Amino acid sequence: MDTGTDGLGGRFRGALLGVAAGDALGAPFEGRPRVEPASVDAWARADQPLRRTDDTLMTLGLARSLLACRGFDGAHMAATFAEDHAAQPWRGYGAGPPRIFAALRAGVPWDEAARGLFGGGGSFGNGAPMRVAPVGLVHHGDPGGAARLAGRTASVTHAHELGRQGAALQAAAVAWLVDATAPPSRDRLVDAVRAAAPAQEFQDRLDALEGIPPGWPPERVAARLGNGIEAFQSVPAALHAFLRHPGSLTRAVCHAVTLGGDTDTIAAMTGALAGAALGATAVPGSWRSRLEDADRLEHLADDLLAWSRTWRSPTTTGGDQR
Ligand code: AR6
Ligand code: MG
């Protein structure tokens with residue numbers, strides 16, 4: 001059940017369901033330095049609803065904006081994120097985005113608002129990579145194109161170069177995995193995405209991934225890669241969790257949660273990677289039926305696939321908005 005390798009439609013659905021499942025499974029453990037595997041296991045087998053946080057909400061908003069504008073429109077994407085936040089501000093947002101939304105309401109242009117954060121350097125939080133799976137999907141098989149579009153979507157809230165590179169790395173990995181034959185090897189995946197995040201903070205951790213033995217316990221992995229809210233810690237941690245269990249979405253996501261720290265976001269990104277590689281059949285029925293708005297996630301995945309087919313067809317040419 002857990003080693004499915006669906007066709008393209010199943011992989012699109014798998015990536016979005018994977019984000020939502022990882023987000024909701026990780027959410028109760030967010031901020032704990034360590035998480036016992038037995039606790040994650042119990043929550044994975046429980047029957048309570050799996051509620052989304054900002055990770056899934058912003059993924060939905062990013063996908064809706066790309067579809068509505070037939071590509072990236074910064075003002076529209078910023079307005080979409082701000083509207084979703086205004087409707088449900090209690091979904092667990094980081095500190096930065098609400099400040100950006102307030103600046104937008106005060107009339108600051110979308111491409112200036114994010115640059116004002118954190119002393120003018122912009123954010124390198126993981127808010128841009130956590131929501132970027134739709135970009136990897138529509139650029140499946142094209143990690144470079146995914147990385148470029150991811151950087152543009154990141155700039156709406158994460159102006160810091162490390163925030164943008166984190167989104168580029170995650171999107172490139174999703175793009176590569178959608179078209180990969182399972183199970184992908186660590187070296188091939190790392191080679192395919194390395195160029196998306198040239199900063200030393202990412203390159204050092206991509207190197208470290210290669211040296212992590214399969215038997216290392218979560219706390220040693222977390223000590224090596226980090227498990228924090230910074231994009232350069234949590235994106236490599238998600239790559240690790242996926243690569244630890246490349247044939248099982250459930251095991252990869254549960255392992256991600258045991259890394260501790262920013263558990264919902266590390267698990268959401270792991271879920272995106274595993275879902276892109278393995279497809280929707282890798283998401284257990286028991287999880288899917290607990291997931292908030294699973295139907296909506298699947299419809300959006302289908303719409304992303306239909307849209308990407310229109311401009312990826314050999315008879316059409318892509319505009320620079322994509
Ligand atoms: N300098 C210092 N600290 C920083 C910087 C910087 N340039 N950039 C980010 N931080 P934020 P997000 C720290 O606020 O990325 C939710 O729980 C700082 O502590 O831009 O959208 C989601 O589930 C800042 O508050 O928000 C994710 O886990 C933090 O990084 C997460 O929040 C997050 O950056 C997404 O947060
Ligand atoms: Mg969250």
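Just so you know, these numbers use all the heavy atoms, side chains as well, and skip hydrogens, waters and symmetry mates. Both counts, for ligands and for their atoms, begin at 1 and track the order of listing. Everything quoted here is computed from the prediction, not taken from an experiment.
Distance from atom 28 (O) of ligand 1 to its nearest protein heavy atom, with residue and atom name: D262 OD2, 2.5 Å. If you check which protein heavy atom lies closest to atom 23 (O) of ligand 1, you get D55 OD1, 2.7 Å. Here the heavy atom of the protein found nearest to atom 2 (C) of ligand 1 is F124 CZ, 3.7 Å. Considering only non-hydrogen protein atoms, atom 36 (O) of ligand 1 sits nearest to G94 CA, 3.8 Å. Atom 11 (P) of ligand 1 has as its closest protein heavy atom S123 OG, 3.6 Å.
A salt bridge links E161 to R164: one of the charged nitrogens lies within less than 4.0 Å of a carboxylate oxygen. Salt-bridge formation is not detected for the pair R11/D179: no Lys NZ or Arg NE/NH1/NH2 atom is positioned less than 4.0 Å from an Asp or Glu carboxylate oxygen. A salt bridge between D47 and R290 is absent, with no side-chain N of the basic residue lying under 4.0 Å from a carboxylate O of the acidic one.
A donor-acceptor contact closer than 3.5 angstrom links the side chains of S65 and H76. Side-chain polar atoms of D262 and N126 form a donor-acceptor pair below 3.5 angstrom.
Cation-pi check for R99 over F118 is met; the charged atom lies under 6.0 angstrom from the ring centroid and within 45 degrees of its normal.
Of the N or O atoms in E30, one or more lie within a sub-3.5 Å distance of an N or O in ligand 1. Considering both main-chain and side-chain atoms, D264 comes within under 3.5 Å of ligand 1 through a nitrogen or oxygen pair. Between G122 and ligand 1, a contact under 3.5 Å exists for at least one N or O pair. Considering backbone and side-chain atoms alike, L117 places every N or O at 3.5 Å or more from each N or O of ligand 1. At a 3.5 angstrom cut-off on N or O pairs, P97 does not count as close to ligand 1. The N/O atoms of F118, backbone and side chain alike, include none that comes under 3.5 Å of an N/O atom in ligand 1. No N or O atom of Y93 sits closer than 3.5 Å to an N or O atom of ligand 1. Residue I229 has no nitrogen or oxygen atom sitting less than 3.5 Å from a nitrogen or oxygen atom of ligand 1, judged on distance alone. The distance criterion of under 3.5 Å between nitrogen or oxygen atoms is met by G96 with respect to ligand 1.
For atom 19 (O) of ligand 1, the nearest protein heavy atom lies 4.0 Å away or farther.
The atom of D55 nearest to the Mg ion (ligand 2) is OD1, with the search restricted to N, O or S atoms. Closest N/O/S atom of D54 to the Mg ion (ligand 2): OD1.
With T265 as the fixed residue, the side-chain hydrogen bond (donor to acceptor under 3.5 Å, both in side chains) test singles out one of N227, T270, D55: D55. Considering H85, Q88, M130 as possible partners of D54, the one that fulfils the side-chain contact (heavy atoms from CB on, under 4.5 Å) test is M130. With respect to H240, the side-chain hydrogen bond (donor to acceptor under 3.5 Å, both in side chains) criterion is satisfied by exactly one of R224, R205, H255, R186: H255.
Close contacts between ligand 1 and G127 involve ligand atoms 12 (P), 15 (O), 21 (O), 35 (C) [criterion: under 4.0 Å to a heavy atom]. For ligand 1, the atoms closer than 4.0 angstrom to any heavy atom of T265 are 22 (C), 23 (O), 27 (C), 28 (O). Of all atoms in ligand 1, numbered sequentially from 1 with element shown, those under 4.0 Å from a heavy atom of G92 are 16 (C), 17 (O).
Remark: side-chain polar atoms of H160 are paired, donor with acceptor, to backbone N or O of L162 under 3.5 angstrom. No donor-acceptor pair closer than 3.5 Å links the side chain of W176 to the backbone N or O of G141.
Between L297 and R52 the shortest side-chain heavy-atom distance does not fall below 4.5 Å. Counting heavy atoms from C-beta outward, L104 and V108 have side chains that stay 4.5 Å or more apart.
Within the structure, the closest approach of H158 to ligand 1 falls below 4.0 Å when heavy atoms are considered.
Look at D264 and the Mg ion (ligand 2): an N/O/S atom of the residue is under 2.8 Å from the metal. Among the atoms of D23, no N, O or S atom is found under 2.8 Å from the Mg ion (ligand 2). Among the atoms of M130, none of the N, O or S atoms falls under 2.8 Å from the Mg ion (ligand 2).
For F232 and F124, the gap between ring centers is short of 6.0 Å.
More than 12 heavy atoms of other residues, nucleotides or ligands lie within 6.0 Å of CZ in R296, so this atom counts as buried by the packing criterion.
Atom 22 (C) of ligand 1 has its nearest heavy-atom neighbour, among D23, D54, T53, N126, in D54.
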